[in-house]
Amino acid sequence: METNSSQSAGNAVAHCDVLIIGGGPAGSTAAALLAQRGKQVVLLEKAHHPRFHIGESLLPLNMPLFDKLGVTQQISAIGMPKYGAQFVSPDHNKEVSVEFADAMDKSFPYSYQVRRSVFDHVLIKNAAAKGAHVFEGHRVTHVELNGADGARVTAQDEQGQTQQWHARYLVDASGRDTFLANKFDLKKKNSKHNSAALFGHFEGATRLPGKAEGNITIFWFDHGWFWFIPLQDGTTSVGAVCWPYYLKARKTSPTQFLLDTIALCPGVAERLKHATLVGEATATGNYSYQSKRMVGEGYLLLGDAYAFIDPVFSTGVFLAMNSAFLGAETIATCLDQPQRAAQAMRQFDTTIRNALKTFSWFIYRVTTPTLRDLFMAPRNVFRVQEAMLSLLAGDVFRDTPIRSRLSFFKGIYYLNNLMHLKRSFAAWRRRKLMIRDPRSEIAAG
Ligand code: FAD
């Protein structure tokens with residue numbers, strides 16, 4: 001996709017209100033919203049959609065965002081309905097299923113599993129349809145930030161031609177390429193978390209029956225956990241998220257290592273008994289990171305360009321799109337009411353940090369035996385199970401009564417830890433050892 005318009009620089013420097021680096025869910029969402037507000041938006045994407053991307057499970061609270069973008073029908077046409085999740089733990093000899101319809105707010109009972117190539121294509125086409133000037137095959141190579149004077153951006157197209165833009169405001173939505181965080185040396189490794197993933201797509205996997213067919217299943221195993229994500233086209237995405245040390249021990253191809261790892265988890269092996277892997281498996285170090293800053297004069301960072309924690313609760317696309325909604329609002333304030341810019345930037349920063357913090361507490365503990373016990377024996381005392389389902393549905397940006405219930409859940413967690421002190425200490429020590437970075441550097445997958 002390439003819009004030939006006055007926004008195309010050619011040899012001269014072109015001007016726009018907002019320039020966005022990256023056309024994933026964060027960049028395309030922000031582009032659509034800002035163009036809809038009448039801003040001159042340029043979106044530069046280095047690849048061509050549809051392009052492969054991992055991250056296929058969406059959350060119920062994504063749905064109102066699709067409504068606001070006007071893409072709900074298109075997403076429902078490509079998505080596999082996901083009404084809930086199933087948890088399978090080898091230590092508990094049972095499976096537990098939960099439904100989003102039982103969350104505190106019952107109005108978001110489902111979401112979708114999607115092929116990201118197709119999903120991201122819908123979003124970037126929507127940005128173009130809303131009036132954003134979209135240039136695919138354009139890699140941003142250089143950025144100069146000039147405070148109140150905006151930014152000068154250089155990009156290279158596939159013919160090696162260099163083009164330049166001057167933007168009043170710059171958005172980094174470059175995903176795990178973390179363009180600005182790298183440029184300004186802002187990226188820091190998450191000292192509390194670390195994991196790596198191996199994944200592939202299978203034909204002929206055994207899915208759950210009936211309405212639960214599209215539900216995600218999480219299987220714990222010795223080295224981490226597996227996702228099992230059924231897609232609408234009949235294939236099923238299966239991935240193992242493991243301690244980095246486990247992945248580093250790999251001596252075979254990613255495909256063989258994935259198959260060997262599946263054999264270590266009887267639950268997944270059973271579901272894939274009659275399945276075949278389509279193509280090759282992929283291995284990726286998804287080292288958890290965060291940028292020291294997400295906003296400054298004339299620029300902000302969205303989605304993975306700011307932070308990535310872990311795929312376990314399928315929060316990536318949801319956080320990317322929410323940061324785009326909040327970011328678009330912030331940018332509009334900065335451009336139209338500069339006297340309110342500082343307050344808007346603070347608000348944006350606080351809201352995103354709080355959401356990440358809320359998810360992080362649970363993500364950091366998801367492989368501990370105590371949290372697993374609680375997930376495998378859900379009880380709705382003080383509506384705590386409903387609150388947990390609200391969290392899993394992504395209900396963290398609204399003013400809802402889930403916070404006090406989540407605090408109560410944390411209390412139960414700490415109490416259980418005390419009751420099984422020896423086991424908890426051993427798990428804490430193992431985790432601390434396992435999350436050390438085997439290469440002591442951040443590596444993007
Ligand atoms: P991206 O989707 O990565 O988009 C960034 C875009 O920027 C890309 O298209 C890229 O080509 C472009 N770009 C980069 N650099 C430049 C440049 N210099 N110039 C121009 N363009 C550039 N999330 C979920 O919600 N559900 C899941 O089930 C899930 N599973 C995951 C499993 C794994 C193993 C991993 C690693 C992640 C998973 N995620 C999941 C996270 C999810 O993939 C990301 O959080 C999400 O894609 C972030 O969206 P984004 O728009 O910020 O970045």
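Numbering of ligands and ligand atoms starts at 1, following listing order.
- Of the candidates Arg353, Arg293, Lys187, Arg353 is the only one forming a side-chain hydrogen bond (donor to acceptor under 3.5 Å, both in side chains) with Tyr306.
- Compare Asp120, Asp304, Ile309 by their heavy atoms: the one nearest to atom 46 (C) of ligand 1 is in Asp304.
- Against a heavy-atom cut-off of under 4.0 Å, Phe308 is close to the following atoms of ligand 1: 35 (C), 36 (C), 37 (C), 41 (C).
- Set against the non-hydrogen atoms of Ser57, the atoms of ligand 1 under 4.0 Å away are 24 (C), 25 (O), 26 (N), 27 (C), 28 (O).
- The six-membered or imidazole ring of His223 lies near that of Phe221, with a centre-to-centre distance under 6.0 Å.
- Contact annotation for Ala173 and ligand 1: only backbone heavy atoms (N, CA, C, O) come within less than 4.0 Å of the ligand.
- Heavy atoms of Ser174 found under 4.0 angstrom from ligand 1 belong to the backbone as well as the side chain.
- Ligand 1 has an N or O atom lying under 3.5 Å from an N or O atom of Asp177, backbone or side chain.
- Remark: side-chain polar atoms of Thr72 are paired, donor with acceptor, to backbone N or O of Asp67 under 3.5 angstrom.
- The nearest non-hydrogen atom to atom 32 (C) of ligand 1, considering only Ala320, Ala307, Pro311, comes from Pro311.
- Close approach of ligand 1 to Arg116 (heavy-atom distance below 4.0 Å) involves ligand atoms 2 (O), 42 (C), 43 (O), 46 (C), 47 (O).
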Show, in sequence, the C-alpha distance, side-chain angles and deciding distance for Phe66 and Phe119, and conclude whether the ring-ring contact (aromatic ring centres under 6.0 Å, His included) test is met. CA-CA 11 Å; Phe66 299 149; Phe119 174 78; 5.8 Å; yes
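- Ligand 1 is approached by Pro25 to a heavy-atom distance shorter than 4.0 Å.
- Taking every non-hydrogen atom of Ala197 and a distance limit under 4.0 Å, the qualifying atoms of ligand 1 come out as 34 (C).
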I'd like to know whether Phe108 forms a ring-ring contact (aromatic ring centres under 6.0 Å, His included) with Tyr110, so could you lay out the CA-CA distance, the side-chain angles of the two residues, the decisive distance to 0.1 Å, and finally the verdict. CA-CA 6 Å; Phe108 305 99; Tyr110 68 96; 9.8 Å; no
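- A salt bridge links Glu386 to Lys106: one of the charged nitrogens lies within less than 4.0 Å of a carboxylate oxygen.
- With sequence neighbours excluded, the residues that form a side chain to side chain contact (heavy atoms under 4.5 Å, CB included) with Ala328 are Leu33, Leu34.
- For ligand 1, none of its N or O atoms has an N or O atom of Thr284 under 3.5 Å away.
- Checking Ile216, Val317, Leu231 one by one against Glu56, the side chain to side chain contact (heavy atoms under 4.5 Å, CB included) holds for a single residue, Leu231.
- Of all the heavy atoms of Glu56, the ones lying under 4.0 Å from any atom of ligand 1 belong exclusively to the backbone.
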Dump the intermediate steps for side chain to side chain donor-acceptor pair (under 3.5 Å) on Trp227 and Ser57, then the final yes or no. CA-CA 10 Å; Trp227 77 69; Ser57 195; over 6 Å; no
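- Contacts between Leu44 and ligand 1 below 4.0 angstrom, taking non-hydrogen atoms only, involve the backbone exclusively.
- Enclosure of atom CD in Gln347 is not indicated, since only 12 or fewer non-hydrogen atoms of other residues, nucleotides or ligands lie within 6.0 angstrom.
- Checked against side chain to side chain contact (heavy atoms under 4.5 Å, CB included), His142 has the following partners two or more places apart in sequence or in another chain: Thr154, Lys183.
- Atoms of ligand 1 lying under 4.0 Å from at least one heavy atom of His53, given by number and element, are 1 (P), 2 (O), 3 (O), 43 (O), 47 (O).
- At a 3.5 angstrom cut-off on N or O pairs, Val317 counts as close to ligand 1.
- Geometrically, ligand 1 and Glu45 share a nitrogen or oxygen pair separated by less than 3.5 Å.
- Counting the atoms of ligand 1 from 1 in the order shown, those under 4.0 Å from a heavy atom of Gly175 are 3 (O), 5 (C), 53 (O).
- For the pair Ile54 and ligand 1, the shortest N or O to N or O distance falls below 3.5 Å.
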Phe362 and Phe409: ring-ring contact (aromatic ring centres under 6.0 Å, His included), yes or no, with the steps? CA-CA 10 Å; Phe362 294 90; Phe409 181 93; 5.7 Å; yes
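- Between Gly303 and ligand 1, no N or O atom pair is found at a separation short of 3.5 Å.
- Distances below 4.0 Å separate heavy atoms of Gly22 from the following atoms of ligand 1: 6 (C), 7 (O), 12 (C), 21 (N).
- Interface of Gly24 with ligand 1, defined as ligand atoms under 4.0 Å from a residue heavy atom, comprises 2 (O), 4 (O), 6 (C), 51 (O).
- Checking only distances, Trp227 never comes within under 3.5 Å of ligand 1, N or O to N or O.
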Steps toward side chain to side chain contact (heavy atoms under 4.5 Å, CB included) verdict (Phe135, Glu45): CA-CA 6 Å; Phe135 297 90; Glu45 165 57 52; over 6 Å; no
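- Evaluated for a ring pair (Phe, Tyr, Trp, His ring centres under 6.0 Å) with His193, the options Phe308, Tyr364, Tyr289 yield exactly one hit, Tyr364.
- In Leu58, neither the side chain nor the backbone holds a heavy atom less than 4.0 Å from any atom of ligand 1.
- Contact annotation for His138 and ligand 1: only backbone heavy atoms (N, CA, C, O) come within less than 4.0 Å of the ligand.
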